[in-house]
Novice: 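Starting off with a structure, shown below.
Letters A, B, ... are given to chains in the order of the sequence lines, protein chains preceding strands, and every chain is numbered from 1. Because the structure is predicted, anything quoted here is derived from the model rather than measured.
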Amino acid sequence: MDTRRESPFTREAKRIIRAIPRGRVATYGQVAALAGRPGAARGVAWILHSSSAAAALPWHRVINGRGGISLGRGRGFEEQRKRLAAEGVAVGRGGRVDLRRFQWEPKNGTAGLSRGARDFIGVLLREE
DNA sequence: CCTATGACAGACA
DNA sequence: GTGTCTGCCATAG
């Protein structure tokens with residue numbers, strides 16, 4: 001997979017993903033924003049899709065902005081659900097996770113705000 | 001350069 | 001809540 005040197009964005013994204021603590025989750029958009037590319041959620045998706053297990057990343061801690069597991073049944077869904085549950089993350093039917101309770105807050109104090117606001121704040125915290 | 005793909009996200013009906 | 005449409009981005013051919 002990793003054909004060779006990775007782009008700065010890819011490296012950053014992976015660094016961010018590795019920073020997600022146990023028992024917490026982050027959204028693709030959040031990772032992209034923290035990696036310095038707000039809106040590059042699909043880029044993050046591509047990264048995990050092409051090199052998740054191989055990169056030794058806690059890929060299971062990355063879910064979509066709707067608080068759900070994006071992997072399809074039989075394509076990793078159960079595995080991700082299992083890993084999250086093992087860390088104490090409550091995964092409801094349909095692979096739903098309550099972002100208000102489990103979304104990773106790089107600094108904290110952003111709970112209750114909208115996803116966009118949290119992601120934006122994450123970017124600011126990163127800038128300073 | 002251009003098209004296609006993907007574990008996305010937001011807006012809107 | 002659901003379904004659809006559009007915009008994003010990185011990477012592969």
Side-chain angles (χ1 to χ4, degrees):
Chain A
M1 355 226 103
D2 70 274
T3 35
R4 62 208 68 97
R5 286 180 269 352
E6 305 170 315
S7 67
F9 171 70
T10 298
R11 283 205 316 296
E12 264 307 285
K14 288 185 175 180
R15 187 179 76 68
I16 298 299
I17 294 172
R18 275 190 285 265
I20 304 171
R22 272 189 97 238
R24 307 241 97 190
V25 298
T27 67
Y28 297 89
Q30 180 183 8
V31 172
L34 292 172
R37 285 277 186 303
R42 301 202 71 164
V44 175
W46 191 92
I47 291 172
L48 274 66
H49 168 68
S50 60
S51 67
S52 55
L57 296 170
W59 57 271
H60 57 288
R61 295 177 190 147
V62 184
I63 60 180
N64 63 47
R66 280 108 184 152
I69 291 175
S70 290
L71 290 168
R73 317 262 173 182
R75 286 181 300 169
F77 178 89
E78 290 303 335
E79 175 65 14
Q80 181 163 17
R81 174 177 191 164
K82 179 182 174 183
R83 290 185 179 231
L84 287 175
E87 298 185 353
V89 176
V91 183
R93 194 181 170 66
R96 315 304 268 153
V97 173
D98 186 348
L99 290 178
R100 293 174 306 175
R101 296 195 314 167
F102 300 104
Q103 178 168 32
W104 174 41
E105 291 160 34
K107 289 298 182 183
N108 91 39
T110 60
L113 299 180
S114 67
R115 283 197 306 286
R118 285 193 298 265
D119 291 355
F120 181 61
I121 289 174
V123 176
L124 295 181
L125 291 172
R126 197 143 184 297
E127 299 292 324
E128 51 185 19

Novice: Which one, dC8(B), dC9(C), dT11(C), comes nearest to the side chain of Ser7(A)?
Specialist: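 Of the candidates, dT11(C) comes closest.
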Novice: OP1, OP2 of dA10(C) versus side-chain N and O of Ser50(A): anything below 4.0 Å?
Specialist: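 No, because none of the side-chain N or O atoms of Ser50(A) sits under 4.0 Å from OP1 or OP2 of dA10(C).
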Novice: Please report the distance, rounded to the nearest Å, between CG in Asn64(A) and P in dG10(B).
Specialist: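 So the two atoms are 10 Å apart, to the nearest Å.
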Novice: Using whole Å, report how far CD1 of Ile16(A) lies from P of dC9(C).
Specialist: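 Rounded to whole Å, this separation is 18 Å.
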Novice: If each of Ile63(A) and Trp46(A) is mapped to the nucleotide of DNA chain B with the nearest heavy atom, which maps nearer the 5' terminus, i.e. the 5' end?
Specialist: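 In this pair, the answer is Trp46(A).
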Novice: Listed by chain and number, what are the side-chain contact (heavy atoms from CB on, under 4.5 Å) partners of Ala41(A), not counting sequence neighbours?
Specialist: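 If we apply the side-chain contact (heavy atoms from CB on, under 4.5 Å) test to Ala41(A), skipping adjacent residues, the hits are Tyr28(A).
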Novice: Using a heavy-atom distance cut-off of less than 4.0 Å, which residues of residues 68-82 of chain A contact DNA chain B?
Specialist: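 Only Ser70(A), Leu71(A) qualify.
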Novice: Quick one: is dA7(B) close enough that its OP1 or OP2 comes under 4.0 Å of any side-chain N or O from His49(A)?
Specialist: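 True: His49(A) side-chain N/O within range (under 4.0 Å) of dA7(B) OP1/OP2.
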Novice: Could you write out each protein N or O paired with an N or O of nucleotides 1-7 of chain C at a distance under 3.5 Å?
Specialist:
residue, atom, partner, partner atom, Å
dG7(C), O6, Arg42(A), NH1, 3.3

Novice: In chain order, what residues pass the salt bridge (Lys or Arg N to Asp or Glu O under 4.0 Å) check against Glu79(A), with sequence neighbours excluded?
Specialist: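 With neighbours one apart ignored, the set is Arg83(A).
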Novice: Please list every stem that involves DNA chain B, where a stem is a run of 3 or more consecutive Watson-Crick or G-U wobble pairs with both pairing distances under 3.5 Å.
Specialist: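 Result, WC/G-U stems under 3.5 Å: B:2-6 with C:9-13, B:8-13 with C:2-7.
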Novice: Could you work out which one of dC8(B), dA10(C), dA7(B) sits closest to the side chain of Leu48(A)?
Specialist: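 Output: dA7(B).
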Novice: Run the salt bridge (Lys or Arg N to Asp or Glu O under 4.0 Å) test against Arg96(A) and tell me which residues pass, sequence neighbours left out.
Specialist: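 If we apply the salt bridge (Lys or Arg N to Asp or Glu O under 4.0 Å) test to Arg96(A), skipping adjacent residues, there are no hits.
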Novice: Rounded to the nearest Å, what distance is computed from the CD atom of residue Glu6(A) to the P atom of nucleotide dA10(C)?
Specialist: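 The answer, rounded to whole Å, is 14 Å.
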Novice: Please check the phosphate of dT11(C) (OP1 and OP2 only) for any side-chain N or O of Thr10(A) closer than 4.0 Å.
Specialist: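 For dT11(C), OP1 or OP2 has a side-chain N or O of Thr10(A) closer than 4.0 Å.
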Novice: How many Å lie between CD1 on Ile47(A) and P on dC8(B), as a whole number?
Specialist: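 My rounded result for the distance is 13 Å.
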Novice: Measure from NZ on Lys14(A) to P on dA7(B) and round the result to the nearest Å.
Specialist: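 My rounded result for the distance is 16 Å.
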Novice: Give the C-alpha distance, both sets of side-chain angles, the deciding distance and a yes or no for side-chain contact (heavy atoms from CB on, under 4.5 Å) between Trp59(A) and Leu71(A).
Specialist: CA-CA 11 Å; Trp59(A) 57 271; Leu71(A) 290 168; 3.8 Å; yes
